[in-house]
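So that the names make sense, note that chain A is the first sequence line, chain B the second, and so on, each numbered from 1.
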Number of protein chains: 2
Amino acid sequence: MKTLALIEYFNRMLPLDEKEIAFVEEIFKERSVKKRQFILQEGEICKQNTYVLEGCFRMYLIDPHGKEHNLQFAIENWWIGDIGSFHSNTPSKLNVEATENSIILQVKKEDQLKLFTDYPKFNQIFRVLAENAMVGLQRRVLHNISSTAEERYLDFLERHPTLFNRISNVQIASYLGVTPEFLSTIRKKIAKS
Amino acid sequence: MKTLALIEYFNRMLPLDEKEIAFVEEIFKERSVKKRQFILQEGEICKQNTYVLEGCFRMYLIDPHGKEHNLQFAIENWWIGDIGSFHSNTPSKLNVEATENSIILQVKKEDQLKLFTDYPKFNQIFRVLAENAMVGLQRRVLHNISSTAEERYLDFLERHPTLFNRISNVQIASYLGVTPEFLSTIRKKIAKS
DNA sequence: CCAAGACCATAAGGTAGTTTAAGAAATGCT
DNA sequence: AGCATTTCTTAAACTACCTTATGGTCTTGG
């Protein structure tokens with residue numbers, strides 16, 4: 001099994017004992033997903049939490065005008081899924097699509113809940129993960145309300161150097177909240193200076 | 001002590017036993033804060049986590065041009081503080097200021113860590129809180145990248161009906177990421193229709 | 001009770017970002 | 001290899017939002 005990477009990931013946060021490792025291996029199921037395939041679509045309830053072993057995903061919203069807006073990307077060692085839907089069992093408004101052929105580990109909601117009740121250590125691990133995610137999201141909100149698109153793009157390049165050559169500019173523009181045409185003029189301007 | 005509201009708040013999430021209640025009462029300290037007073041300023045390390053009993057706060061960033069950008073408001077039963085700074089012991093870039101005379105409960109970092117190690121139940125409580133906060137922040141990012149300022153304002157009114165009559169339009173504009181002047185024209189347009 | 005700040009509104013001119021459309025470049029498919 | 005599709009760029013007209021400025025109302029404190 002390929003749960004090894006995940007075990008190591010958890011271990012780096014908080015060392016696991018054998019039982020915990022065994023249970024993680026039991027409940028996380030490996031799955032491969034082809035490019036352009038969805039692991040969540042609007043209207044579905046998100047019943048699985050997903051950890052990316054290889055590949056890349058994007059999670060996006062389709063607005064009333066039919067336009068897509070990328071909320072998040074996920075590459076190796078990232079989590080992806082609609083936590084809101086997962087938590088409250090309500091239909092998701094988000095889509096999660098593979099942008100490359102990918103390999104993931106998925107855990108069902110009931111198994112993850114069992115993980116929390118039977119092995120409380122994971123409450124701490126996932127608390128820290130959620131807090132880290134919060135910090136990242138706060139940072140992004142601040143950027144969105146205080147910076148220009150150019151500043152946001154430069155910040156994106158700086159913070160995600162491994163991401164920007166795996167993802168098309170159309171997708172990056174959508175993540176930044178601008179049109180691809182405007183991102184193009186930004187890139188041109190930056191290249192000149 | 002006024003920890004009662006906090007105990008009830010925790011109890012609603014996950015029932016506490018006597019020992020847990022006693023420890024919460026021991027480590028959370030009541031404090032009153034006057035309007036315009038700061039409980040965190042840029043450059044300081046955030047060493048306390050804050051729960052609002054009464055009053056209202058805003059957390060904001062000052063950008064390189066000297067402009068303020070509101071990241072978050074907090075009224076009764078909300079938490080406020082710079083989690084990033086709190087977690088990593090690094091100087092905060094944020095300011096937290098009371099916008100009304102307020103009463104808060106604060107817990108020191110070391111006491112909160114003790115809470116997590118000695119009473120693991122709180123890992124679960126704070127995991128759920130962090131996950132809920134994530135959902136709210138994701139929602140806000142999506143709005144920022146996909147909606148107009150008018151749509152964001154209407155959404156704010158809808159989601160925070162108790163907040164909008166306690167906070168000036170200048171502060172709301174800063175939260176939405178527009179100038180107060182533009183918010184004024186938005187409000188005028190809405191009033192007409 | 002007056003002065004000093006806050007807060008809100010309005011308007012004119014400016015800039016950041018969008019729309020539409022069309023062509024060039026890169027990539028995928030058979 | 002060769003055609004189709006997606007991706008990137010450019011440009012012109014347009015819209016959302018910003019800046020600066022001015023005046024009015026409402027609080028607040030001394």
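- The side chain of B:T185 lies closest to C:dT10 when the candidates are D:dT19, C:dT10, C:dC8.
- Positionally, the nearest nucleotide of DNA chain C for B:E181 lies more toward the 5' end than for the other of A:E181 and B:E181.
- Look at CG on B:L176: it is 17 Å from P on D:dA16, rounded to the nearest Å.
- With A:Y153 as the aromatic partner, A:R187 does not meet the cation-pi criteria of under 6.0 angstrom to the ring centre and within 45 degrees of the ring axis.
- What separates CG of B:N144 from P of C:dA16 is a distance of 20 Å, to the nearest Å.
- Both tests pass for B:K109 against the ring of B:F86: distance under 6.0 Å to the centre and angle within 45° of the axis.
- Side-chain nitrogen and oxygen atoms of B:K188 include at least one within less than 4.0 Å of the OP1 or OP2 phosphate oxygen of C:dA11.
- Nearest to the side chain of B:T148, among D:dT10, D:dT19, D:dC17, sits D:dC17.
- Considering only side-chain atoms of A:N169, the nucleotide from D:dC8, C:dC8, C:dG28 that sits closest is D:dC8.
- Judged by a 6.0 Å distance limit and a 45° cone about the ring axis, B:R127 is not positioned over the six-membered ring of B:F122.
- Comparing atom distances between the A:K35 side chain and each of D:dC17, C:dC8, C:dG28 picks out C:dG28 as nearest.
- Separating the NZ atom of B:K34 from the C1' atom of D:dT28 is a distance of 14 Å, rounded to the nearest angstrom.
- At the phosphate of D:dC8, neither OP1 nor OP2 sits under 4.0 Å from any side-chain N or O atom of A:R187.
- Residues B:H160 and B:F164 place their aromatic rings such that the two centres sit no closer than 6.0 Å.
- A centroid separation of less than 6.0 Å is found between the aromatic rings of B:F116 and B:F126.
- Here the nucleotide nearest the side chain of B:S168, chosen from D:dT7, C:dC8, C:dT18, is C:dC8.
- Atoms CD1 (A:I167) and C1' (D:dT6) sit 17 Å apart, rounded to a whole Å.
- Direction change of the helix axis from one end of the helix from C:dC1-D:dG30 to C:dT30-D:dA1 to the other is 60°, with five pairs defining each end axis (rounded to 10°).
- You'll find the side chain of A:L71 reaches within 4.5 Å of the side chain of B:Q138, heavy atoms only.
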